[in-house]
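Letters A, B, ... mirror the listed sequences (proteins, then strands); counts begin at 1.
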Amino acid sequence: MSVEIAGVGIHPFGRFEDRTVTDLGIVAVRDALVDAGLPAGPPARFQAAFCGTAYAGVAAGHKVLGALGLTGMPIIDVEAGCASGGAALMLAAGAIRAGQYDCVLVFGIEKMPKGIIRSSFFESWREEAGLAATPAYFALRAQRLMRESNVTKQHLADVVVKNRGQGIHNPNAMFRKEVAADEVLGSRVVCEPLHLWMLCSPNEGAAAVVLRRAEAAAAGNVTLAAAALRSHLPGSVLSEATPLSGLTEEGIDPATTLAARAAYEEAGIGPSDVDVVECQDTDAARELLSYEELGLCPHGDAAKLVDEGATRMGGRLPVNPSGGLLSKGEPLGASALGQVVELATQLRGAAGPRQVEAARVALGHTVGRGANASVVILER
Amino acid sequence: MARPVREGLFTERSDGSIRLLGGYSPTSGKYHFPVQEVCPYSGAADVEPVELGPDGHLWAWTAVTAPPPGYQGEVPFGFGVVELPEGLRVITRLEVDAPSELQYGMTMRLVAAPVGDDVVTYSFEPA
C-alpha cells in the first residue's frame, strides 16, 4: 500500500488586499481537486480534510470547504507554527495508512499580519522587555553558525542570490527579480549579521494536496514516502527557530535532525538518495543550517556546499528551485504544502524552466515556532 | 524601584543590585530560568527557587533595530545570550547596542535596565 499525491493546487504567495484568507484557500483547494480528477463541488470524494494555519482563526478550514459545498466530513485545523502544513500532511497520511480513509484533502492557508510577526507564543512580559524580536533570534543563530563553521556573510548573500535567481522562474513567487550579492550586503542591517534581503517576508497564500490510498503505486505517479513531524528536546537553545533559555549542554539534536532521521527511516532512504530539496530559508543562515541538520553535508560543511555550487540549479543537489521562502515569502500555514506542490511538480517533470533534471526523490523541510520541524519525502 | 516587567524574574538587594531568580530541581540536578513550578527537564515538582549568577559570559549577541511587537522602549538595543555559571543560557537584553563592541566569551554583569516609562527588566553589560 502506498499514499499517492493525487493532486496539487496553489494560490500564488504574495499580498492580496482584495482577497480574504478563505478566498485564497478556495483557489488552492479547487485546483488540487481538479488536478486529482475529482469534482470541486459536492458530493465530496474525500473522507476527511486537514487544514494547516496559524493565523486564520476559528474553523478556518470549514469556511473554505463550506464555500465549495464540500462539508460533512471531519474538517480539522492544525497549528504547528511554520510546520503546520507538514503536520496536516502527517496526520492525513497516517490516517490513510491506518486504513481509516482512502482519500484525504490537505490544505494550508494564511494571511500574515505585516511587519515583524506578532505571536501569542511570547508572554506579554517578553514583548514589553523587547524580547519578542523574532529576527534577533535568527541573527543569534546565524552568528553561532558563523562562529562554529567557516560560513561568512558572503555565504549568506550567496544563498539569497541563488534563491532569488531561481525564483524568477516561479509564477507563484512574490519576488521575481534577480539580486546581486553587493545589493544584499548593501541592504539595511535588521539584526547583525542579517540584512533585510537575507530575511523572508511574511505574506499570504494557500496550497492544497489530495492524498489517495493506492494498493500499488502506478508507474509515474508521485507518492508520499514519508511525512515526519518532531518538536525540540528540552534544553536546546538557538538550534531551534524560537530559542528560549536553556542548558549549555552541546549535542542536543535539533527538531529538524529528529524529523529528518524519522523521515529517512520511514522512506527507507538516506540523504544521498535525495535529488531535490525545498527547505526552510526563513533567513539565509537557516538554509545553511538545514543542509547540516538534514544530513545533506557533514557538520560544518554548509559553506563548502555553497562554494561548490552544489545546491544551485544544475548542481549535485539543487535546493529551493522554487526560489524558496526568500522569493515566495512565507504564509505560515501554507508554506510546507507550497513546498509539496513544488516538489510534486518537479517529480512530474512539469516545472518548466526551473526543472531539476531526472528528479525522482524530493525532500521538503519546514521548522518554526514550537519548535516544530517537518520533513516530507516524495518519490516517483 | 520602578515596576519589574514581571514579578518573580529577579530580586532586588538592599544595595540596589539585582539577582535573577531561577529554579533548581534536585531530581534533574538542573537549573532553569525563569523559575516555574515544575522542572522542565524532569517534570519533578521539587523546584527550589535560587538566585542565579549574577555574572556570566557572552555567548551570542546582536542589536534590535526596529521595535518588536508589544515593545514601547527605545531602539536600537542590544540582545543576546549570556551563559551563567549554573550551566544555563539566558536570553537577555544587553546594554551595548553596537555588536562590533562585544566579543564572544567576555564577562558580563547583571544590571536592572529601564524599558519604557517606569518599568525595569534584567539586562547585562560588559563587566
Side-chain angles (χ1 to χ4, degrees), chain A residues 113-148 153 187-196 199 202 232-240 242-250 252 283 285, chain B residues 3-9 20 22 28 30-34 39-43 56-57 59-93 98-100 102 104 113 115-116 119-123:
Chain A
K114 289 189 177 170
I116 298 179
I117 302 173
R118 183 163 201 170
S119 172
S120 59
F121 181 87
F122 291 108
E123 301 100 319
S124 60
W125 73 266
R126 289 188 198 271
E127 287 195 338
E128 194 172 0
L131 299 181
T134 304
Y137 291 92
F138 300 161
L140 299 182
R141 193 176 58 201
Q143 183 192 51
R144 180 191 193 181
L145 178 68
M146 290 166 68
R147 183 172 73 241
E148 295 182 352
K153 253 193 179 187
S187 66
R188 176 171 72 80
V189 174
V190 174
C191 286
E192 183 66 35
L194 298 179
H195 293 242
L196 185 63
L199 292 153
H232 67 294
L233 294 172
S236 70
V237 175
L238 289 190
S239 60
E240 307 299 346
T242 307
L244 298 174
S245 300
L247 305 177
T248 55
E249 287 171 12
E250 299 290 346
I252 301 174
D283 64 89
Chain B
R3 171 177 74 84
V5 70
R6 201 197 87 173
E7 291 295 336
L9 279 182
L20 292 180
S28 68
K30 291 182 167 73
Y31 293 84
H32 63 267
F33 172 80
C39 168
Y41 303 105
S42 64
H57 292 94
W59 187 69
W61 67 97
T62 186
V64 176
T65 58
Y71 174 68
Q72 305 292 328
E74 303 284 315
V75 288
F77 62 88
F79 182 97
V81 176
V82 169
E83 280 193 346
L84 298 177
E86 289 84 3
L88 201 56
R89 287 179 185 145
V90 173
I91 306 288
T92 181
R93 290 173 66 97
S100 61
L102 295 171
Y104 178 74
V115 277
V119 179
V120 291
T121 188
Y122 63 92
S123 182

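Residue contact with chain A, scored on non-hydrogen atoms closer than 4.5 Å, involves the side chain of B:V119 exclusively. With a 4.5 angstrom heavy-atom cutoff, B:T92 touches chain A only via backbone atoms. At a 4.5 Å heavy-atom cutoff, the contact between A:A129 and chain B is made by backbone and side-chain atoms alike. Residue A:Q143 touches chain B through its side chain alone, counting heavy-atom pairs closer than 4.5 Å.
Side-chain contact between B:P68 and A:R126 is absent, with no heavy-atom pair separated by less than 4.5 Å.
Between A:W125 and B:Y122, the ring planes are tilted. Angles from 30° to 60° get that label.
Taking chain A as the reference chain and counting heavy-atom pairs below 4.5 Å, the highest number among B:V81, B:V5, B:V115 is found for B:V5. Your options are A:C191, A:P193, A:P234, A:G246, and the one with the most heavy-atom pairs under 4.5 Å with chain B is A:G246. Ranked by heavy-atom pairs under 4.5 Å with chain A, the list B:F79, B:F33, B:F77, B:Y31 is led by B:F79. Note: B:L9 leads B:L9, B:V64, B:T121 in heavy-atom pairs under 4.5 Å with chain A.
Counting all heavy atoms, side chain and backbone alike, A:L140 lies closest to B:A60 at CD2-C, 3.8 Å. Across all non-hydrogen atoms, the minimal contact from B:I91 to A:Y137 is CG2-OH, 3.6 Å.
A donor-acceptor contact shorter than 3.5 Å links the side chain of B:T65 to the backbone of A:V190. Between the side chain of A:R147 and the main chain of B:W59, a donor-acceptor pair closer than 3.5 Å is present.
The 12-atom threshold is not exceeded at CD of B:Q72, counting heavy atoms of other residues, nucleotides or ligands nearer than 6.0 Å. Heavy atoms of other residues, nucleotides or ligands lying less than 6.0 angstrom from CD of A:E148 number more than 12.
Using a 4.0 Å cut-off between charged nitrogen and carboxylate oxygen, B:R93 and A:E128 do not count as a salt-bridge pair.
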Inset, instruction - Apply salt bridge (charged side-chain N to carboxylate O under 4.0 Å, His left out) to the pair B:R6 and A:E127, showing each step before the final yes or no. - result: CA-CA 11 Å; B:R6 201 197 87 173; A:E127 287 195 338; over 6 Å; no

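Under the side-chain contact (heavy atoms from CB on, under 4.5 Å) test applied with A:E192, the options B:P76, B:P99, B:S100 reduce to a single match, B:P99.
Residue B:H32 holds its NE2 atom at 11.0 Å from CG of A:L247, rounded to the nearest 0.5 Å.
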